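Scroll down for the structure; my scribbles are underneath it.
Every chain is numbered from 1, with letters handed out A, B, ... down the list of sequences. Everything numeric here is computed off the predicted structure, so don't read it as measured data.
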Amino acid sequence: MRWSQAFIPTLRDDPAEAEAVSHRLLVRAAFIRQLMAGVYTLLPLAYRSRRKIQQVIEQEIDAIGGQEFLFPSLHPAEIWRKSGRLDIMGEEMFRLFDRKSGEVVLGMTHEEIFTTIATEITSYKQLPQLWYQIHTKFRDEPRPKSGLLRVREFTMKDSYSFDLDQEGLDKAFDDHYHAYSRIFARIGLDAIPVEASSGAMGGSGSVEFMVRAEAGEDLVAHCSNCGYAANVERAMSKVAPIVDEVGPDGPERFATPGVRTIEDLVDFPGGAEASRQIKTLVYVLDGEPTLVLLRGDHPLQEQKLQDRTGAVDLRPAHPDEIAELLGADAGSLGAVGVLGVRIVADEALRGRTNMTTGANENEFHLRGVSIERDIDVGDWLDLREVEAGETCIDCDESIEVFRAIECGHIFKLGTKYSEPLGAVVLDEHGQTRPIYMGSYGIGLERNLAAVVETHYDEKGIAWPVTVAPYEAVVTVLKLDDTTVAAAERIYEDLGAAGIDVLIDDRDERPGVKFNDAELIGIPYRVTVGPRGLAEGIVEINHRASGTTDEVSVTEAVLHLVARIERERL
RNA sequence: CGGGCUGUAGCGCAGUUUGGCAGCGCACCUGCUUUGGGAGCAGGGGGUCGCCGGUUCAAAUCCGGCCAGCCCGACCA
């Protein structure tokens with residue numbers, strides 16, 4: 001490609017609205033343009049890079065036996081109703097009506113649609129099957145943000161495995177785990193597999209592939225000693241045991257004027273330190289008010305509450321609901337003596353005695369509370385969110401918590417979709433059995449952005465060769481006949497050697513060309529100028545390291561081809 | 001959905017307080033000079049000032065309504 005003919009509208013200034021590094025650089029370096037919130041046009045550079053990611057994915061999924069399909073984006077709402085997810089997905093699903101007033105939705109994932117085809121699998125002899133597609137997903141995100149990191153229309157590689165039993169599913173899951181690890185490694189992402197919540201997907205287990213980045217929206221708890229890694233939506237840690245005094249025979253009520261928060265009570269004379277308080281939160285789980293108890297200094301992890309209780313719909317109770325239920329306002333709530341209301345408590349509270357909590361009367365608290373004696377706990381659950389510095393659940397080192405981008409997610413679905421949608425086979429005994437399914441997703445544009453988030457410097461992007469829109473650029477420093485002829489020769493030879501190469505033949509000053517090449521992040525630059533040619537050399541500059549090698553004109557192409565091929569993975 | 005901020009040329013912004021010619025830088029076009037790290041000079045093109053309505057002799061500017069976008073939170077495979 002000739003730069004003079006290419007549409008690469010780089011910007012001199014940072015776009016004002018872009019905050020995340022990848023958003024800022026992808027706009028400035030002429031990869032993307034926004035059409036509306038969460039919807040982006042991929043310009044030719046981005047499309048080239050995305051295609052390279054796509055090729056890596058196809059190679060690796062094909063390698064584990066994947067068969068590529070193309071499924072529609074328009075789905076009848078009916079099929080989503082059948083699986084029960086039409087309501088669960090709520091407003092995140094784009095909905096429309098066709099001319100016959102038929103209700104139609106845009107696909108946000110494809111379990112249901114793949115499963116309808118899978119109903120044509122009728123015998124265990126046809127299993128296992130591994131099907132996938134690379135296609136557009138539509139999700140009406142409440143808050144699209146950070147450029148390509150969270151959008152409303154994007155490309156996903158989604159695969160679905162179909163097996164006779166759990167053992168088969170475990171293998172398909174394992175195959176994907178390794179394929180994903182290879183995919184991320186090849187595109188230059190240091191992705192950490194972490195235990196994850198299955199959320200709205202359901203199923204028995206899931207692993208997310210997380211890339212550490214400031215712009216990430218997830219939090220990962222990680223132990224560098226033993227390698228334990230989990231999304232904080234699931235992560236566990238050890239709590240140092242607390243030795244309580246036995247305390248009085250029963251709770252003692254005392255006045256706490258002005259106390260509204262855990263902190264207030266810590267400072268209040270006769271109060272208690274946070275770890276000796278019981279925090280009482282009121283949630284509404286599928287319409288049922290529920291008291292959620294945690295140690296005073298432990299934050300609730302809402303996803304855990306949802307996962308552990310199986311609630312579909314979960315929200316904090318409104319102030320008036322709280323007052324009606326307990327007769328007091330937030331700040332003076334407690335579970336002592338509360339009957340007929342579901343109470344769940346965090347494991348860290350088990351066995352604790354002589355604690356302090358609200359009395360369900362404004363500005364009064366109770367001290368001397370022994371949890372198991374005084375509170376009718378229905379379920380003991382792991383509900384608290386781990387924090388950096390706590391002790392690893394698997395060893396005794398302390399864990400760190402960092403922000404990360406979810407670059408891939410693999411799920412064991414079991415029979416969650418095959419049963420309601422009737423995807424069954426006859427086994428060798430002639431018995432009808434639902435197919436065991438797994439589903440596995442990678443968001444292509446998000447991965448593109450994640451690569452930028454982890455490969456940039458003050459000059460711009462520094463793509464790995466595997467994802468770069470062009471592997472090399474030949475920069476022509478002066479448009480005189482000799483220089484142009486030498487540069488064209490190198491450009492032709494690189495192209496003939498199978499290198500994705502761009503020649504910067506624009507009538508611009510060298511500084512402009514250097515800056516643009518560095519901004520868009522082309523891994524290698526061959527600088528061809530009269531000064532070097534006079535000595536028979538050209539320069540080969542490596543974007544990521546900034547190093548420059550002088551190579552003779554005759555050896556330049558071979559030298560560069562060897563280096564690029566080494567990095568292609 | 002709640003809070004904060006912003007909509008003026010392709011990009012970055014000033015002008016809005018106090019109503020009175022729609023401006024600046026970059027980018028773009030032409031010419032000349034220049035040419036190893038975002039050139040200089042001269043000339044030029046490009047605008048429903050987010051949209052609708054109101055006030056006024058006159059609205060980018062004041063008033064009302066709406067829309068869009070960004071950030072924080074809620075939410076979210």
Side-chain angles (χ1 to χ4, degrees), chain A residues 7-20 23-24 27-30 33-40 43 85 88-93 108-111 137 139-147 149-152 154 156 158 196-203 206-210 215 217-218 231 233-234 302-303 306-307 313-316 405-413 416 439-443 446 459-460 475-480 483 504 506-519 525 527-534 537-539 541 546 548 550:
Chain A
F7 185 66
I8 306 177
T10 55
L11 303 177
R12 179 87 62 115
D13 299 310
D14 278 332
E17 307 233 288
E19 201 99 334
H23 186 193
R24 177 169 60 80
V27 172
R28 189 143 100 86
R33 290 293 184 262
Q34 184 179 49
L35 185 61
M36 57 177 175
V39 179
Y40 287 84
L43 304 184
R85 289 209 294 181
I88 292 174
M89 293 310 187
E91 292 187 309
E92 202 177 330
M93 181 169 264
M108 54 190 297
T109 175
H110 278 71
E111 281 75 16
K137 297 281 184 272
R139 297 181 184 183
D140 195 359
E141 292 282 347
R143 190 172 157 213
K145 56 179 294 204
S146 307
L149 284 174
R150 178 167 293 275
V151 293
R152 299 197 293 168
F154 63 99
M156 178 185 260
D158 46 327
S197 161
S198 295
M201 291 295 310
S206 78
V207 169
E208 289 168 334
F209 289 82
M210 292 295 204
E217 297 180 82
D218 287 273
N231 193 307
E233 292 177 352
R234 254 192 84 102
E302 274 195 16
Q303 188 67 46
Q306 183 161 31
D307 291 347
D313 185 45
L314 167 152
R315 63 171 173 84
I405 299 167
E406 179 191 340
C407 285
H409 200 161
I410 58 180
F411 298 89
K412 290 183 182 176
L413 299 173
K416 179 183 161 87
S439 79
Y440 316 88
I442 294 179
R446 178 181 285 183
K459 292 173 174 174
T475 300
V476 193
L477 286 188
K478 194 169 161 62
L479 297 183
D480 63 67
T483 314
D504 194 348
R506 293 176 297 169
D507 184 13
E508 290 288 353
R509 299 167 71 83
V512 173
K513 298 185 177 189
F514 294 152
N515 283 318
D516 269 345
E518 283 155 354
L519 176 63
R525 186 183 76 216
T527 310
V528 183
R531 190 188 295 171
L533 287 178
I537 59 125
V538 295
E539 290 162 23
N541 176 267
T548 299
E550 296 192 340

(message) Using a strict threshold of under 4.0 Å (side-chain N to carboxylate O), is an ion pair present between A:R506 and A:D516?
(response) yes

(message) Base contacts versus sugar-phosphate-only contacts with protein, heavy atoms under 4.0 Å: please encode nucleotides 29-41 of chain B as B, S and - from 5' to 3'.
(response) -----BSBBBB--

(request) Supply the atom-to-atom distance A:E208 CD to A:E406 CD, rounded to the nearest 0.5 angstrom. (result) 4.0 Å

(request) Determine: side-chain N/O of A:K145 to OP1/OP2 of B:G69, distance under 4.0 Å, yes or no. (result) no

(request) Start with the C-alpha gap between A:R139 and A:M156, add the side-chain angles, then the distance that decides, and say whether side-chain contact (heavy atoms from CB on, under 4.5 Å) holds. (result) CA-CA 12 Å; A:R139 297 181 184 183; A:M156 178 185 260; 3.8 Å; yes

(message) Within the 4.0 Å heavy-atom criterion, would you say A:E302 contacts the bases, only the backbone, or no part of the nucleic acid?
(response) sugar-phosphate

(request) Take atom CE of A:M36 and atom C1' of B:G7, then tell me their distance rounded to the nearest Å. (result) 18 Å

(request) Using Watson-Crick or G-U wobble geometry with both distances below 3.5 Å, tell me the partner of B:G64, or none. (result) B:C52

(message) Can you check the distance between B:G12 and B:C51, where both ends of the measurement are the C1' atom (answer in whole Å)?
(response) 24 Å

(message) I need the CZ-C1' distance between A:R315 and B:C1, as an integer number of Å.
(response) 14 Å

(request) Between B:U8 and B:G23, how far apart are the C1' atoms? Round to whole Å, please. (result) 10 Å

(message) What's the gap between B:G7 and B:G50 when it is taken at their P atoms, as a whole Å value?
(response) 9 Å

(message) Distance check needed: B:C76 C1' versus A:D218 CG, whole Å only.
(response) 10 Å

(message) My understanding is that a pair needs two contacts under 3.5 Å, Watson-Crick or G-U wobble. By that rule, which nucleotide pairs with B:G25?
(response) B:C11

(message) Suppose we define a pair by two distances each less than 3.5 Å, Watson-Crick or G-U wobble; what does B:G37 pair with here?
(response) none

(message) Within this structure, what is the NE2-CG distance for the pair A:H409 and A:D158, rounded to the nearest 0.5 Å?
(response) 14.0 Å

(message) Under a 3.5 Å cut-off for both contacts, is B:A42 paired Watson-Crick or G-U wobble with anything, and if yes, with which nucleotide?
(response) B:U30

(request) Round to a whole Å and report the spacing from CG of A:L35 to C1' of B:A68. (result) 12 Å

(request) Report the base-pairing partner of B:A74 (Watson-Crick or G-U wobble, both distances below 3.5 angstrom), or none. (result) none

(message) Please report the distance separating the C1' of B:C5 from the corresponding atom of B:G20, rounded so that it comes out in whole Å.
(response) 30 Å

(request) Can you tell me the distance, in whole Å, between the CD atom of A:E19 and the P atom of B:C5? (result) 16 Å

(message) Any heavy-atom pair between the side chains of A:P9 and A:R33 that's under 4.5 Å?
(response) yes

(request) Starting from the 5' end of RNA chain B, give me the residue, A:G147 or A:K137, whose nearest nucleotide shows up first. (result) A:G147

(request) Would you please say whether a donor-acceptor pair under 3.5 Å links the side chains of A:H110 and A:K137? (result) yes

(message) Distance check, P atoms only: B:G10 and B:C28, in whole angstrom units.
(response) 15 Å

(message) Whole angstroms only, please: what is the CD-P distance between A:E217 and B:C75?
(response) 13 Å

(request) Supply the atom-to-atom distance A:R152 CZ to A:E141 CD, rounded to the nearest 0.5 angstrom. (result) 9.5 Å

(message) What's the gap between B:A42 and B:G25 when it is taken at their P atoms, as a whole Å value?
(response) 11 Å

(message) At 4.0 Å (heavy atoms only), tell me whether A:R143 reaches a base, stays on the sugar-phosphate, or touches nothing.
(response) base

(request) State the CG-CD distance between A:L477 and A:E539, to the nearest 0.5 angstrom. (result) 7.5 Å

(request) Give the rounded distance in Å between these two atoms: CD of A:E141 and C1' of B:C75. (result) 9 Å

(request) Just call it for A:S146: base, sugar-phosphate, or nothing, with non-hydrogen atoms closer than 4.0 Å on any strand. (result) sugar-phosphate

(message) Ignoring hydrogens and geometry beyond distance, is a side-chain donor-acceptor pair present between A:T475 and A:D504 at under 3.5 Å?
(response) no

(request) Take atom C1' in B:G19 and the same atom in B:A58, then report the distance between them in whole Å. (result) 8 Å

(request) Mind checking A:P9 for me? I need base, sugar-phosphate or nothing, with any heavy atom below 4.0 Å counting as a touch. (result) nothing

(message) In whole Å, measure the gap between the P atoms of B:A74 and B:G2 for me.
(response) 16 Å

(message) Tell me whether the side-chain N/O atoms of A:Q34 come closer than 4.0 Å to OP1 or OP2 in B:C70.
(response) yes

(request) Whole angstrom is fine here: how far is it from NE2 in A:H23 over to P in B:C70? (result) 7 Å

